[in-house]
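In what follows, chains carry the letters A, B, and so on, assigned in the order in which the sequence lines appear, proteins first and then strands, with residues in each chain numbered from 1.
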Number of protein chains: 2
Amino acid sequence: MTDHAKQAEGSAGDPIVLIVDDDPSMRRALTNLFQSVGLKVEAFSSAAEILEAKPPAVPSCLVLDIRLPGASGLDLQADLAKANIHTPIIFITGHGDIPMTVRAMKSGAVDFLTKPVRDQDMLDAVQAAIERDRKRRDAEKSISGVRSRFEGLTARERDVLALVASGLMNKQVAAELGLAEITVKIYRGQIMRKMGAKSLADLVRMTDALGIPRNRGHLQT
Amino acid sequence: MTDHAKQAEGSAGDPIVLIVDDDPSMRRALTNLFQSVGLKVEAFSSAAEILEAKPPAVPSCLVLDIRLPGASGLDLQADLAKANIHTPIIFITGHGDIPMTVRAMKSGAVDFLTKPVRDQDMLDAVQAAIERDRKRRDAEKSISGVRSRFEGLTARERDVLALVASGLMNKQVAAELGLAEITVKIYRGQIMRKMGAKSLADLVRMTDALGIPRNRGHLQT
DNA sequence: CTACGGCACAAACCTACGTATAGCTCGCAC
DNA sequence: GTGCGAGCTATACGTAGGTTTGTGCCGTAG
């Protein structure tokens, strides 16, 4: 409740803007723009370069010229998605067309700006993108602990967890798995302990966050 | 498990494509195209017209020329959003620009096609849009029953529900609300009955679906 | 005034949950 | 083999959850 400082430190820690543009003057202009509002910047001149760099550990976004030497901006977007890197992307283009724009936006781009780009538009877009990334990271972090604890469960404990979280009583779980009720109770206790759940409600929310399928679970209309 | 037919009947019931275009020949061409693949069609010539019509009760999508007499396609999109109508929109345009495209896509459009539109592109977009609407309707329907049952709870029952769903024991709920434990138990039973929940897990999921705030509830990392 | 519904509580009773202690088998690593 | 952990069970005991039946107060709609 009172650890705001710690939490902000953990999930923020100075956002960074990543720029990919083959035009040195553009890189310089963008770098200056972002630094003028106190943002950290890292600039690259090609898609290959940024793919070699390690993905940032802080809230960040990508400012990407759609026309790049070698792989285009859209290709890079696809590559990053394939590599499970979800840094929000802002495209800039001098002569883009509508199909290209649609494709980029459908693939999750946060914005698509046309040159000449107004400084304020760019800053607004970057602000929104970083905010989005921060939220995504927070959400990711909040379930990563749950996920790792789940990994620590034995196979049988997971079986029991799935059925308990779907609302079955211990005796029903036992019948379903061919066990004695007492066995289920013991596993159940171990599950609560290992998962760090302080109540059944906690446990249910954890399993839902993990996307564990419910063997029996209905919210009937 | 075996009621595919029933379910399809309940949530589908023949999708419909709504067309808004001031060009009669375009309306005719699109109408023919969609009817050729067995889709129902309703065509309008202006934004005002479709706003007067009642929103469809079946999975549907909107095919919208961005340039319309009176209110533009983007205006109509905003009006529909304001009216809480979430029919997916596919834009078509003869001379749209990129900022317009970005604005439409950010506002939730499923696609943005440029004239001349290839039939297959249009059909693909419509298919995707209708599928999206079908999913949205299914989700909406599945919580509407829960929501209406929640409306039937008394003020006190809602208090108890919030605390129970956040994982507190009856005695803790009682202390929090200044009640006797037995009173909480009785309310709890009434809640389960009124909400149609067969287990605490059910109840927790319902409250989460309803977005009921948790007075005490932590998924600590 | 009377009836009704919401709110609150109590005693009694039953079921479900949870833990502790103890004991068993099996497979695997040392 | 010895030890270890997973898996499984039993007895016993205490706590939490849940229903029934009955009581009473309050406000309001008829």
Residues passing the salt bridge (charged side-chain N to carboxylate O under 4.0 Å, His left out) test with A/R158, sequence neighbours excluded, are none
Ion pair present between B/R134 and B/E131, side-chain N to carboxylate O less than 4.0 angstrom?
yes
Indicate for each nucleotide in nucleotides 16-30 of chain D, in 5' to 3' sequence, whether protein heavy atoms under 4.0 Å reach the base (B), only the sugar-phosphate (S), or nothing (-).
SBBB-----------
How long is the line joining CZ of A/R156 and C1' of D/dA6, in whole Å?
11 Å
Tell me which pairs pass ring pair (Phe, Tyr, Trp, His ring centres under 6.0 Å) where either residue lies in residues 58-92 of chain A, with sequence neighbours left out.
A/F91-A/F112
Looking at residues at least two apart in the chain, or sitting in another chain, which of them share a side-chain hydrogen bond (donor to acceptor under 3.5 Å, both in side chains) with B/E181?
none
Keeping to residues at least two apart or across chains, list the salt bridge (Lys or Arg N to Asp or Glu O under 4.0 Å) pairs with something in residues 55-72 of chain A.
A/D65-A/K115
Within the 4.0 Å heavy-atom criterion, would you say B/T183 contacts the bases, only the backbone, or no part of the nucleic acid?
base
For B/D22, which residues count as a side-chain hydrogen bond (donor to acceptor under 3.5 Å, both in side chains) partner, sequence neighbours excluded?
none
DNA chain C: first to last nucleotide in contact with chain A (atom under 4.0 angstrom from a heavy atom), 5' to 3', is C/dA16 to C/dA20
Residues that B/A43 engages under side-chain contact (heavy atoms from CB on, under 4.5 Å), provided they are two or more places apart:
B/I19, B/R27, B/T31
Output all residues satisfying ring-ring contact (aromatic ring centres under 6.0 Å, His included) with A/Y187, sequence neighbours left out; order by chain, then residue number.
none
Quick one: is A/Y187 getting a side-chain N or O under 4.0 Å of the D/dA6 phosphate, OP1 or OP2?
no
Would you please name every residue forming a side-chain hydrogen bond (donor to acceptor under 3.5 Å, both in side chains) with B/R188, sequence neighbours left out?
B/N170
Base-pairing string, 5' to 3', of DNA chain C - Watson-Crick or wobble, under 3.5 Å, | interstrand:
||||||||||||||||||||||||||||||
Position toward the 5' end of DNA chain D (nearest nucleotide), A/G178 or A/K194
A/K194
Which residues pass the side-chain hydrogen bond (donor to acceptor under 3.5 Å, both in side chains) test with A/K194, not counting sequence neighbours?
A/E157
